[in-house]
Amino acid sequence: RILEYENPNLSNNSKGAGCRFELWDCSGDQKFETCWPALMKDSHGVIIIFNPELPSHLKEIEMWHSCFVQQQPLLDSQCLLIAHHKPGSAGDTENLSLAYPLNKLKLIHSNLEEDPEDVRMEFMKYFRSIITSINESREREEMSIIS
């Protein structure tokens, strides 16, 4: 699944041009592993969503991080972990401990029933950081061509 998203207010440039994102969902299923190279090609960030109440997910996110972040390689700032708590769950948002290197990544807890606006704001912060990273990389590349 691919979700295309445009936001005219996210761009940092003064020309007023908006930003267009594509979110590619690999469904968390390894049967789609042959598609992963296409998902990773030219990607600028990775969002890993998991259920913190399932111990198997805590192990699986290590694999996802290794495949989608470390092998590209992307910076830690280009990765966002979302511990999604299903409605009615008594999710513990305080005591979730992740193994290295996951413990260095930005982690947010989501519960769309209780705090959808907080989740939206965190997404916007994440997208802004990706835009900043892309712009800085582009500027460095342009400066290396000039010099």
Side-chain angles (χ1 to χ4, degrees), residues 1-13 17-87 89 91-145:
R1 294 177 295 229
I2 302 170
L3 172 66
E4 293 185 24
Y5 174 75
E6 265 186 66
N7 190 325
N9 303 318
L10 266 180
S11 179
N12 291 335
N13 81 31
C19 292
R20 191 175 129 256
F21 296 92
E22 290 181 0
L23 299 174
W24 292 46
D25 180 0
C26 65
S27 80
D29 196 330
Q30 286 186 275
K31 73 180 179 185
F32 298 112
E33 189 171 359
T34 57
C35 300
W36 293 357
L39 292 169
M40 291 186 273
K41 184 179 182 345
D42 298 329
S43 67
H44 297 288
V46 172
I47 300 171
I48 300 172
I49 303 171
F50 65 100
N51 182 342
E53 296 168 22
L54 295 177
S56 64
H57 278 202
L58 297 179
K59 198 68 183 158
E60 285 178 29
I61 61 175
E62 291 178 26
M63 183 271 303
W64 293 111
H65 179 262
S66 173
C67 290
F68 283 87
V69 179
Q70 291 176 324
Q71 290 181 19
Q72 288 202 69
L74 292 175
L75 302 172
D76 289 344
S77 62
Q78 292 171 282
C79 184
L80 175 65
L81 296 178
I82 301 178
H84 181 66
H85 302 274
K86 294 186 177 184
S89 70
D92 183 3
T93 61
E94 302 298 319
N95 295 319
L96 180 62
S97 61
L98 300 173
Y100 178 85
L102 299 173
N103 61 359
K104 300 186 318 176
L105 304 175
K106 170 80 174 162
L107 169 68
I108 65 169
H109 292 269
S110 73
N111 183 326
L112 297 179
E113 294 288 316
E114 294 176 15
D115 58 2
E117 186 61 21
D118 289 347
V119 175
R120 189 183 77 74
M121 294 306 294
E122 290 295 337
F123 263 102
M124 292 302 117
K125 279 196 262 182
Y126 172 70
F127 288 140
R128 280 189 189 97
S129 73
I130 295 297
I131 292 166
T132 300
S133 172
I134 293 168
N135 288 340
E136 288 171 354
S137 175
R138 195 171 288 147
E139 287 174 15
R140 281 191 304 273
E141 188 176 315
E142 289 171 0
M143 291 307 288
S144 71
I145 292 170

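Throughout, numbering of the chain's residues begins at 1 and tracks the sequence.
Each of Leu98, Ile49, Asn103, Ile108 was scored for a side chain to side chain contact (heavy atoms under 4.5 Å, CB included) with Leu81, with one residue passing: Leu98.
To the nearest 0.5 angstrom, Leu74 atom CG is 8.5 Å from His65 atom NE2. The structure places CD1 of Ile134 at 4.0 Å from NE2 of His44, a figure rounded to the nearest 0.5 Å. To the nearest 0.5 Å, atoms NZ (Lys104) and CG (Leu75) are separated by 10.0 Å. Within the model, atoms CG of Leu54 and CD of Glu60 stand 8.5 Å from one another, a figure rounded to the nearest 0.5 Å. Interatomic distance, Ile145 CD1 to Glu141 CD, rounded to the nearest 0.5 Å: 5.0 Å. If you take OG on Ser77 and CD1 on Ile130, they are separated by 6.5 Å, rounding to the nearest 0.5 Å.
A 6.0 Å sphere centred on CD of Glu117 holds more than 12 heavy atoms belonging to other residues, nucleotides or ligands. Sparse packing is recorded around CE of Met143, with 12 or fewer heavy atoms of other residues, nucleotides or ligands lying under 6.0 Å away.
Side-chain contact between Pro101 and Gln70 is present, with at least one heavy-atom pair separated by less than 4.5 Å. In this structure, His57 and Pro52 have side chains that are not in contact, with every pair of non-hydrogen atoms separated by 4.5 Å or more.
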Worked verdict on Ile131 versus Phe21 for side chain to side chain contact (heavy atoms under 4.5 Å, CB included): CA-CA 10 Å; Ile131 292 166; Phe21 296 92; 4.0 Å; yes
Apply the test side chain to side chain contact (heavy atoms under 4.5 Å, CB included) to residues Ile82 and Phe123: give CA-CA distance (whole Å), side-chain angles for both, the deciding distance (0.1 Å), then the verdict. CA-CA 10 Å; Ile82 301 178; Phe123 263 102; 3.8 Å; yes
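At a threshold of 4.0 Å, the pair Glu53-Lys86 does not count as salt-bridged, since none of the basic side-chain nitrogens sits closer than that to a carboxylate oxygen. Between Glu62 and Lys59 a salt bridge is recorded (basic side-chain N to carboxylate O distance below 4.0 Å).
The main-chain N or O of Gln78 is found under 3.5 Å from a side-chain atom of Tyr126 such that the two form a donor-acceptor pair. Without hydrogens or angle criteria, Ser133 side chain to Ser129 main chain gives no donor-acceptor distance under 3.5 Å. Ser66 places no side-chain N or O within donor-acceptor distance of the main-chain N or O of Met63, the cut-off being under 3.5 Å. Proximity of a side-chain donor or acceptor of Gln72 to a complementary backbone N or O of Phe68 within less than 3.5 Å is detected.
Residues Ile48 and Cys79 come closest through the heavy atom pair CD1-SG, 4.3 Å.
Aromatic pair Trp36/Trp64: ring centres closer than 6.0 Å.
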